[in-house]
Every structure is written in structure tokens, then in C-alpha cells.
Trainee: 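My questions will all concern the structure given below.
Below, each value reflects all heavy atoms present in this structure, side chains not excepted, and no hydrogens, waters or symmetry copies. The first residue in the sequence is number 1, and the count goes up from there.
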Amino acid sequence: MSVCGAARCRWIQTRSAVSLLQQNRTVRRHSTGAPESNVIREKLQAFPGGSIDLQKRQESGIAVLTVNNPARMNAFSGCMMLELEQRVCELETWTEGKAVVVKGAAGNFCSGSDLNAVRAIANPQDGMRMCEFMQNTLTRLLRLPLISMALVEGRALGGGAELTTACDFRLMTSDGVIQFVHKHMGLVPGWGGAARLVGIVGSQNALKLLSGAVKLDPDCGRQMGLVDEVLHCSSGEAETLAHAEQWLGPFIKGPAPVIQAIKKVVVSGRELPLEQALKTERNVFGTVWGGPANLQALALKPKHK
Ligand SMILES: CCC(=O)SCCNC(=O)CCNC(=O)[C@H](O)C(C)(C)COP(=O)(O)OP(=O)(O)OC[C@H]1O[C@@H](n2cnc3c(N)ncnc32)[C@H](O)[C@@H]1OP(=O)(O)O
């Protein structure tokens with residue numbers, strides 16, 4: 001990414017954090033004086049491997065974000081965590097976009113954080129820094145003005161299961177498994193997955209999934225409300241992705257500014273206290289009222305002229 005792009009990323013990150021939840025007013029600093037986020041960035045940089053690939057399809061307005069580290073079942077290396085932040089940043093400024101599909105490479109979703117990296121930074125301070133970094137990135141992913149979907153083929157384990165909860169929808173292939181394996185690792189979710197899971201399935205179900213480290217198959221996932229659709233397709237990744245894009249079809253029909261506005265009012269309704277959510281809704285309404293799509297729709301209703 002260019003320096004300009006990186007600066008814009010930081011600006012957007014700051015702006016969205018301030019405008020939406022008014023969090024992080026002060027930059028926490030390490031004893032060296034460097035911002036905490038830079039301390040963990042340097043540490044994560046030391047763990048290479050894999051990539052986070054982004055393909056933006058201008059014609060459909062759908063982006064495909066791929067967690068790509070098949071030799072380690074798509075586990076997140078440190079560099080991949082940093083790359084995810086960059087990719088999310090690119091999506092934040094994609095004004096023509098409507099949706100993003102998050103998937104794993106080579107028929108698996110993601111096996112969480114790379115256990116080699118975890119081992120090397122296995123102290124509470126670095127653990128908390130890494131979690132804060134991933135929480136920020138996944139919160140930004142969930143707040144994108146794009147409709148997001150986790151497409152779970154194969155396994156979504158640990159941090160991989162948490163990643164699925166940072167999307168608006170979850171689709172699973174019939175061989176898919178979502179498992180919050182943290183308990184088996186002597187851990188709890190730390191990338192915001194527990195908080196989001198409670199929001200999606202309720203505290204009773206979340207407690208069962210986390211304390212039982214339940215291997216959730218697609219049908220149980222649907223019953224619990226974690227999974228929105230099960231895809232029964234057998235001809236490989238491309239066909240599965242095509243099915244997922246087809247599923248998104250009705251929700252992304254229409255102009256990008258309207259789809260993005262819809263997502264924005266849902267995010268504010270989901271996250272903000274009512275008064276603030278209502279204010280945001282008015283502001284977002286103002287961006288589409290009298291806009292091209294609105295005027296075009298009015299022109300198609302001659303009876304009401
Ligand atoms: C945020 C907190 C977290 O995410 S904690 C991490 C949670 N994740 C885990 O505990 C998953 C650990 N992995 C496993 O249990 C198994 O590897 C799973 C994914 C079930 C696959 O088993 P199986 O089909 O037998 O393959 P395998 O074990 O031989 O794995 C293939 C190669 O991939 C690697 N791998 C897998 N997961 C990770 C991981 N999270 N970090 C680092 N490496 C991972 C395995 O080590 C194995 O590599 P290699 O072929 O032995 O070099």
C-alpha cells in the first residue's frame with residue numbers, strides 16, 4: 001500500500017472509531033513512548049507466511065477476501081493479521097462495492113491463529129495487544145458499508161470461528177464445521193468472538209458452544225441461528241463461490257450507494273443507543289433522499305406525479 005493509502009487508512013480508522021462508538025479517545029502508549037498498536041505491529045511482522053488476498057469484482061460489486069495459508073489450514077500468521085487490516089482498509093474506501101465474501105483457500109476456512117506465533121508471544125501483555133489489534137480489525141470488518149458473508153468450507157476453528165462472527169451472514173457447505181476450540185487450548189475467544197457470538201445466538205447458546213467446544217455442523221448451526229444457509233454443492237470451490245454469490249443476489253440488487261446506506265443504518269441500529277442510532281439514520285437518509293436512485297424510482301411512478 002502507498003504511504004498515501006496508509007495515511008488514508010489511519011484517517012478512516014480514526015474517523016469510524018470516533019464517529020461510531022466514540023471509543024479510543026486517547027492513544028495508549030508503551031513504556032518506550034510508542035503507541036501500543038505499533039508495538040504489536042512490529043511483533044506480528046516477525047511471523048511471516050500466507051497472505052490475505054482481495055479480489056474486487058467491479059461488475060458485480062462483490063469482493064472476495066481469501067485467508068490463504070493452506071499449508072497451515074489457513075491459520076493466521078502475524079503478517080496475515082497485518083494484511084487483514086490493510087485489506088479491510090481497502091474495502092472501507094470501495095465506494096462502488098456492495099458485498100464481501102470472506103473465505104479460506106483450498107477448501108478450508110481458517111484454523112485460527114498460527115500456533116507457532118502464539119507460542120512465541122505467549123505472555124499476557126502481548127496476548128492482549130494481539131487481541132486488541134484483531135478486535136479493532138474485525139470490528140472494522142463488521143462495520144464495513146458492505147454486506148459481508150463468511151463462506152465456511154471445511155473447518156473454522158478458534159480464531160477462524162471468531163472471524164465468521166465478524167460477518168453479517170454465514171453460509172456453510174455441508175462438510176463445514178465451526179468450532180470454538182479455545183477451551184481445548186486453555187483459552188477463551190479474544191478477537192471479539194464471544195461478544196459477537198452472544199449477540200448472534202444469545203448467551204445460553206454461546207455458553208454451550210464455548211464451554212462445550214462444540215463441533216457445530218451446518219444443520220445445528222442453522223437451528224441455533226448462527227448459520228444462514230447450507231450449500232449442497234460438490235463440484236469444488238468455484239461452484240461453491242458462485243452459489244454463495246447467487247445467495248447474495250437479492251440483497252445486493254440495486255445501486256451501491258443505497259446498499260451501503262442500508263448497511264450503515266443497520267450497523268448504527270445494532271451498535272448505538274437509540275437516540276444516536278436515530279440521528280445516524282437521519283443523516284444516512286439525507287445522503288440518499290433526492291439522490292439519483294431515489295429520483296429514478298420516482299420517475300418510474302408516473303401515477304403519483
Ligand atoms: C485466537 C485463538 C486461536 O485461534 S488458538 C488456535 C486454534 N486452532 C487450533 O487449535 C487448531 C490446531 N490445528 C488442529 O487442530 C489440526 O491441525 C486441524 C486443523 C484439526 C487439522 O488436522 P489434520 O487434518 O489432522 O491436519 P494436521 O493437523 O496435520 O494439519 C495440517 C498442517 O497444518 C498445520 N496447522 C493446522 N492448524 C494450525 C494452526 N492453527 N497453527 C499452525 N499450524 C497449523 C499443522 O501443524 C500441519 O502442519 P505440518 O503438515 O505438520 O507442517
Trainee: Taking atom NE2 of His232 and atom OG1 of Thr240, what is their separation to the nearest 0.5 Å?
Mentor: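 Atom-to-atom, His232:NE2 and Thr240:OG1 are 12.0 Å apart.
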Trainee: Restricting to non-hydrogen atoms, name the atom on Ala63 and the atom on Leu54 that form the minimum distance, rounded to 0.1 Å.
Mentor: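 Reported closest heavy-atom pair: CB-CD1, 4.0 Å.
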Trainee: What closest approach, in Å, do Met149 and Leu248 show between heavy atoms, and which atom pair accounts for it?
Mentor: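 Where Met149 meets Leu248 most closely, the heavy atoms are CE-CG, 3.6 Å.
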Trainee: Looking at Arg170 and Leu226, what are the two nearest heavy atoms and their distance?
Mentor: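 Here Arg170 and Leu226 meet closest at NE-O, 2.6 Å.
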Trainee: As an exercise, state the distance from CZ of Phe251 to NZ of Lys253, rounded to the nearest 0.5 Å.
Mentor: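 Output value for this atom pair is 13.0 Å.
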Trainee: Would you say Lys98's side chain and Gly254's backbone share a donor-acceptor pair under 3.5 angstrom?
Mentor: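 Pair found, side chain donor or acceptor close to backbone of Gly254.
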Trainee: Rounded to the nearest 0.5 Å, how far does CZ of Phe47 lie from CD1 of Ile121?
Mentor: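 It is 6.0 Å, given to the nearest 0.5 Å.
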Trainee: Give me the atom names and distance for the closest heavy-atom approach of Glu245 to Ile62.
Mentor: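 For Glu245 versus Ile62, the nearest heavy atoms are OE1-CD1, 3.7 Å.
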Trainee: Using only atom types and a distance under 3.5 Å, with no angle test, would you say the side chain of Ser111 pairs donor to acceptor with the backbone of Arg72?
Mentor: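 Such a contact is found between Ser111 side chain and Arg72 backbone.
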Trainee: How many angstroms lie between atom CE of Met134 and atom CZ of Phe76, to the nearest 0.5 angstrom?
Mentor: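 Going from the CE atom of Met134 to the CZ atom of Phe76 covers 4.5 Å.
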Trainee: May I ask you to decide whether Lys103 forms a salt bridge with Glu237, counting only side-chain N to carboxylate O separations under 4.0 Å?
Mentor: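 Yes, charged N to carboxylate O under 4.0 Å.
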Trainee: How close do Phe109 and Val67 get, counting heavy atoms only, and between which atoms?
Mentor: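 The pair with the smallest heavy-atom distance is O-CB, 4.4 Å.
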Trainee: Taking Val177's backbone N and O only, do any of them form a donor-acceptor pair with Lys215's side chain (distance below 3.5 Å, no angle check)?
Mentor: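 Checking the backbone N and O of Val177 against the side chain of Lys215, no donor-acceptor pair under 3.5 Å is found.
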Trainee: Under a 3.5 Å distance rule, please check whether Asn74 uses its side chain to pair with a backbone N or O of Asn108 as donor and acceptor.
Mentor: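 Flag set: sc Asn74 to bb Asn108 pair under 3.5 Å.
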Trainee: Mind listing the closest non-hydrogen atom pair of Ala194 and Pro189 along with its distance?
Mentor: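 Result for this residue pair: N-CB, 3.8 Å.
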Trainee: Looking at Arg87 and Glu90, does any basic side-chain N land under 4.0 Å from a carboxylate oxygen?
Mentor: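 Looking at Glu90 together with Arg87, the answer is yes, because their closest N to O distance falls below 4.0 Å.
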Trainee: With a 3.5 Å distance limit and no angle check, can you tell me whether Gln260 reaches the backbone of Leu146 through a side-chain donor-acceptor pair?
Mentor: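 No: the side chain of Gln260 does not pair with the backbone of Leu146.
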Trainee: Ignoring hydrogens and geometry, is there a side-chain-to-backbone donor-acceptor pair from Ser148 to Asp168 under 3.5 Å?
Mentor: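 At least one qualifying donor-acceptor pair exists.
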Trainee: One thing to verify: whether Arg143 and Glu92 come together as a salt bridge, which I'm taking to mean a side-chain N less than 4.0 angstrom from a carboxylate O.
Mentor: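 Result for this pair is no, no salt bridge flagged.
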Trainee: Is it true that Lys264 and Glu281 have a side-chain N and a carboxylate O under 4.0 angstrom from each other?
Mentor: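 Answer for the salt bridge query: no.
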Trainee: Would you call Thr165 and Leu163 a side-chain contact if the rule is heavy atoms closer than 4.5 Å?
Mentor: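 Side-chain contact under 4.5 Å: no.
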Trainee: Check the hydrophobic clustering (I, L, V, M, F, W, Y; side-chain heavy atoms under 4.5 Å; chains of links allowed) and say if Val101 and Val152 are grouped together.
Mentor: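 Different hydrophobic clusters.
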Trainee: With a 3.5 Å distance limit and no angle check, can you tell me whether Gln179 reaches the backbone of Ala213 through a side-chain donor-acceptor pair?
Mentor: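 Yes.
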Trainee: Taking the six-membered ring where the residue is Trp, are the ring centres of Phe133 and Trp191 under 6.0 Å apart?
Mentor: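 So the answer is no for these two rings.
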Trainee: Output yes when a side-chain donor or acceptor of Glu153 lies under 3.5 Å from a complementary backbone atom of Gly107, and no otherwise.
Mentor: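 Side chain of Glu153 to backbone of Gly107, a donor-acceptor pair under 3.5 Å: no, none is there.
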Trainee: Are any side-chain N or O atoms of Asn68 and backbone N or O atoms of Ile52, one a donor and one an acceptor, separated by less than 3.5 Å?
Mentor: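 A pair under 3.5 Å: no.
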Trainee: I would like to know whether Asp114 and Ser77 meet side-chain hydrogen bond (donor to acceptor under 3.5 Å, both in side chains); could you show each step before the answer?
Mentor: CA-CA 5 Å; Asp114 184 330; Ser77 66; 5.7 Å; no
Trainee: Could you check whether any side-chain N or O of Lys183 sits under 3.5 Å from a backbone N or O of Ser211, counting only pairs where one atom can act as donor and the other as acceptor?
Mentor: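 Flag set: sc Lys183 to bb Ser211 pair under 3.5 Å.
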Trainee: For Arg41 and Glu85: C-alpha separation, side-chain torsions, deciding distance, then whether salt bridge (charged side-chain N to carboxylate O under 4.0 Å, His left out) applies.
Mentor: CA-CA 11 Å; Arg41 275 196 177 87; Glu85 186 196 37; 2.5 Å; yes
Trainee: Taking 4.0 angstrom as the limit, do Arg222 and Asp228 come out as a salt bridge?
Mentor: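 Salt bridge between Arg222 and Asp228, a charged N being under 4.0 Å from a carboxylate O: no.
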